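Everything on this sheet refers to the single structure shown next.
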Amino acid sequence: MSGKTPGAADIATAVEPRLQTLTERADFLRAARARRKAMPGLVVQARRRAPDEADSATIRVGFTCSKKVGNAVARNRAKRRLRAVARAVLPEIGKPGWDYVLIGRAGATAARPFIALEGDLRAALDKLHGEGR
RNA sequence: GCGGAUGGCCGGAUGGCCGCGGGGCCGCAAUGUCCCGAGGAAAGUCCGGACUCCACAAGGCAACGGUGCCGGGUAACGCCCGGCCGGGGAAACCCGAGGGAAAGCGCCACAGAGAACAGUCCGCCCCGGAUCCGUCCGGGGCAAGGGUGAAACGGUGGGGCAAGAGCCCACCGCGGGCCUGGCAACAGGACCGGCACGGCAAGCCCCACCGGGAGCAAUGCCGAAUAGGGAUCUCGUGCGGGGCAGCAGUGCCGCGCAGGGCCGCCUUGGCCCGAGAUCCGGGUUGGCAGCUAGAGCCUGUCGGUAACGGCAGGCCCAGAGGAAUGGUCAUCCAGGGGGCAUCCGUGCCCCCGGACAGAAUCCGGCUUACAGGCCAUCCGCGCAU
RNA sequence: GGCCCCGUGGCUCAAUCGGAUAGAGCAAUCCCCUCCUAAGGGAUAGGUUGCAGGUUCGAAUCCUGCCGGGGCCG
């Protein structure tokens, strides 16, 4: 692809906010104190970052599972499904400058059909964004 | 064909769409493109190493921990292979921390006369006496039988005897040296002894062998940051001489010499000049290296019963750093359940549904978890030939 | 990732070098006392000694392997 012709795809990638993964424990703790919404397949925590924290154009997202979910294999599988669903949904309806934390639930996160899991995340985000207004 | 034993292997496949980690190439960069990307246990962290840091002068001794039939394999091992002995099984085969109890100490509850050294509760026999003829008393001999116990001082049979006893004999067991076979553990044989030697060493211990400590959050480099500190307590032995106070005993303050502390202990020797303990204060974050080519894997061949080793050829097989190796859909392959049809061989349709489990410096083992399936060898039974 | 420690009734702890029955306090249940409650007195039940093997005549204790819980590091 030549950089001279500005097609629609180029504009889309330029406008689309960048996704970044949370790694710091402190970021998880701040998100845990913010708003949360529990759905059958997952739990979502969301907060708008303070202006001085990080690049306000990026969406940051973290994934976590407690040991209640199962052994290492079960926890990793749950986090991978959460990653996949976040990649499908967040670039579309996620808000730049926000942090999201997706938490796996025992059994349900691994067993729930993918379409339903995706729907859970969309519904949770609508609710959380609505409360923010 | 059925039942069993042992060893080894696999542990979903293919494709579409969307993604992740590392490396190479083109490039200022983004993008692009190619290659690679979990396991037999990656697990438990139970052993053994590699590697790194710390400690380390030599010799002797002690302490602590571990291993434990014999031989071999290996870098090493508590692992593996082969053999021996003991036990289990009809067999294939399986199981065994399997050195020493005449070096010493300790323990063996309850029961029982007696629990390690011999001994006699009931009992057996002889003699003498008494007698109500049932037996009792005294002396002596004996250890077979009974009883207790987890375990009772060789076992069985015969002879012998008043009754008995390795008292004598045969076989078995045990002990001793000898001979033969074997590298050895050990096995076999004849001879001698006449039984003396209970168990526990996963109780202390003895013998032989092995072992310095810590661990990749080790460690090194770069950068940032900051003090390189403070307080209290205990111990600071002895001798000589000096100064000050005091009438004096003595007290206080310097000095010198023996020395003091540490190196497990000792001898020779070395290092330091206060040592030890407790508390407070400061700091505890980022990047790079270590980091993956190795006791490596595959094939063939030779040596060896085997574990394994030699040689030749080929191959490159994860390197993340809060942690990638995936998500989803379809078809197929195993598996389970149900329905219909049936020539009982099976065919069609629907539903469920994929064992245990995720590298974290790296190897060699052990142990534990594991749906289902495949292969090979062997044993027993049945049928056919 | 690595290195240590600990598991005994519901809770907190005992049990000599292995010896037979695993004991004590609190809590629980029942009874007595009181007008009632508490306190007090009496009685009762409650344990696969975390699990599984082994050594021994005999294991809470000794040995091995699992399971669960806790702590430390840079």
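Keep in mind that this is a model prediction, so the values were computed, not measured. Labels below follow one simple rule: chain letters A, B, ... track the order of the sequence lines, proteins then strands, and each chain is numbered from 1.
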(message) On RNA chain B, compare the nucleotides closest to V85(A) and A74(A); which residue's is nearer the 5' end?
(response) V85(A)
(message) To the nearest 0.5 Å, what is the distance between CD on Q45(A) and CG on D99(A)?
(response) 11.0 Å
(message) Please classify G40(B) as syn or anti, treating any glycosidic angle within 90° of 0 as syn.
(response) syn
(request) Both distances under 3.5 Å, Watson-Crick or G-U wobble: report the partner of C370(B), or none. (result) none
(request) Tell which nucleotide pairs with G60(B), taking only Watson-Crick or G-U wobble pairs whose two distances are both under 3.5 angstrom. (result) C265(B)
(request) Please work out whether C252(B) sits syn or anti, treating a glycosidic angle within 90° of 0 as syn. (result) anti
(message) Go nucleotide by nucleotide along RNA chain B from the 5' end; which of A110(A) and R83(A) gets its closest nucleotide reached first?
(response) R83(A)
(message) The side chain of R87(A) is closest to which nucleotide in this list: G358(B), G327(B), G326(B)?
(response) G326(B)
(request) Please state how far atom CZ in R75(A) lies from atom C1' in G358(B), giving the value in whole angstrom units. (result) 10 Å
(request) Report the glycosidic orientation of G166(B): syn if within 90° of 0, anti in every other case. (result) syn
(request) Provide the Watson-Crick or G-U wobble partner of G74(C), both distances under 3.5 Å; none if there is no partner. (result) none
(message) Please report the distance separating the C1' of U367(B) from the corresponding atom of A277(B), rounded so that it comes out in whole Å.
(response) 45 Å
(request) Pick the P atom in G82(B) and in G7(B), then give their distance to the nearest Å. (result) 11 Å
(request) Please round to the nearest 0.5 Å and tell me the distance separating atom SG of C65(A) and atom CG of L82(A). (result) 6.0 Å
(request) Using the P atoms only, state how far G119(B) lies from C132(B), rounded to an integer number of Å. (result) 41 Å
(request) Please report, rounded to the nearest Å, how far the P atom of G327(B) is from the CG atom of N76(A). (result) 10 Å
(request) Enter the distance from K127(A):NZ to R36(A):CZ here, rounded to the nearest 0.5 Å. (result) 15.5 Å
(message) Is any side-chain heavy atom of T64(A) closer than 4.5 Å to one of L102(A)?
(response) no
(request) For A165(B) versus A151(B), give the span between their C1' atoms, rounded off to a whole number of Å. (result) 24 Å
(message) Tell me which nucleotide, if any, is Watson-Crick or G-U wobble paired with U232(B) when both distances must be under 3.5 Å.
(response) A277(B)
(request) Round to the nearest Å and state the distance from L42(A) atom CG to G327(B) atom P. (result) 17 Å
(message) Nearest whole Å is fine: how far is G327(B) P from R112(A) CZ?
(response) 18 Å
(request) Measure the distance from CD on E118(A) to P on C18(B) and round it to the nearest whole Å. (result) 16 Å
(request) Cation-pi check, R83(A) to F63(A): give yes when NZ or CZ is under 6.0 Å from the six-membered ring centre and within 45° of the ring axis, no otherwise. (result) yes
(request) Any strand is fair game: report the nucleotide pairing with U346(B) by Watson-Crick or G-U wobble, both distances under 3.5 Å, or none. (result) A341(B)
(request) May I have the distance from K79(A) (atom NZ) to U325(B) (atom P), rounded to whole angstrom? (result) 11 Å
(message) Partner lookup for U156(B), please. Criteria are Watson-Crick or G-U wobble with both distances under 3.5 angstrom; report none if nothing qualifies.
(response) A170(B)
(message) Please report the distance separating the P of A116(B) from the corresponding atom of C84(B), rounded so that it comes out in whole Å.
(response) 41 Å
(message) Roughly how many Å apart are G365(B) and A307(B), using the P atom of each and rounding to a whole number?
(response) 14 Å
(request) Determine if the base of G138(B) is syn or anti; take syn to mean the glycosidic torsion is within 90° of 0. (result) anti
(request) Using a cut-off of strictly less than 4.0 Å, decide whether R80(A) has a side-chain nitrogen or oxygen near OP1 or OP2 of G358(B). (result) no
(request) State the pairing partner of G119(B); accept Watson-Crick or G-U wobble contacts with both distances under 3.5 Å, and report none otherwise. (result) none
(message) Rounded to whole Å, how long is the line connecting atom CG of L82(A) with atom P of C20(B)?
(response) 17 Å
(message) Are the side chains of R112(A) and R105(A) in contact, using a 4.5 Å heavy-atom criterion?
(response) no
(message) Within this structure, what is the NE2-NZ distance for the pair H129(A) and K37(A), rounded to the nearest 0.5 Å?
(response) 14.0 Å
(message) Tell me whether the side-chain N/O atoms of R77(A) come closer than 4.0 Å to OP1 or OP2 in G327(B).
(response) yes
(message) Could you check A369(B) for me: syn (within 90° of 0) or anti?
(response) anti
(request) Rounded to whole angstrom, note down the C1' distance from G229(B) over to G215(B). (result) 31 Å
(request) Pick the P atom in A63(B) and in C205(B), then give their distance to the nearest Å. (result) 10 Å
(message) Using Watson-Crick or G-U wobble geometry with both distances under 3.5 Å, which nucleotide pairs with G313(B)?
(response) C298(B)
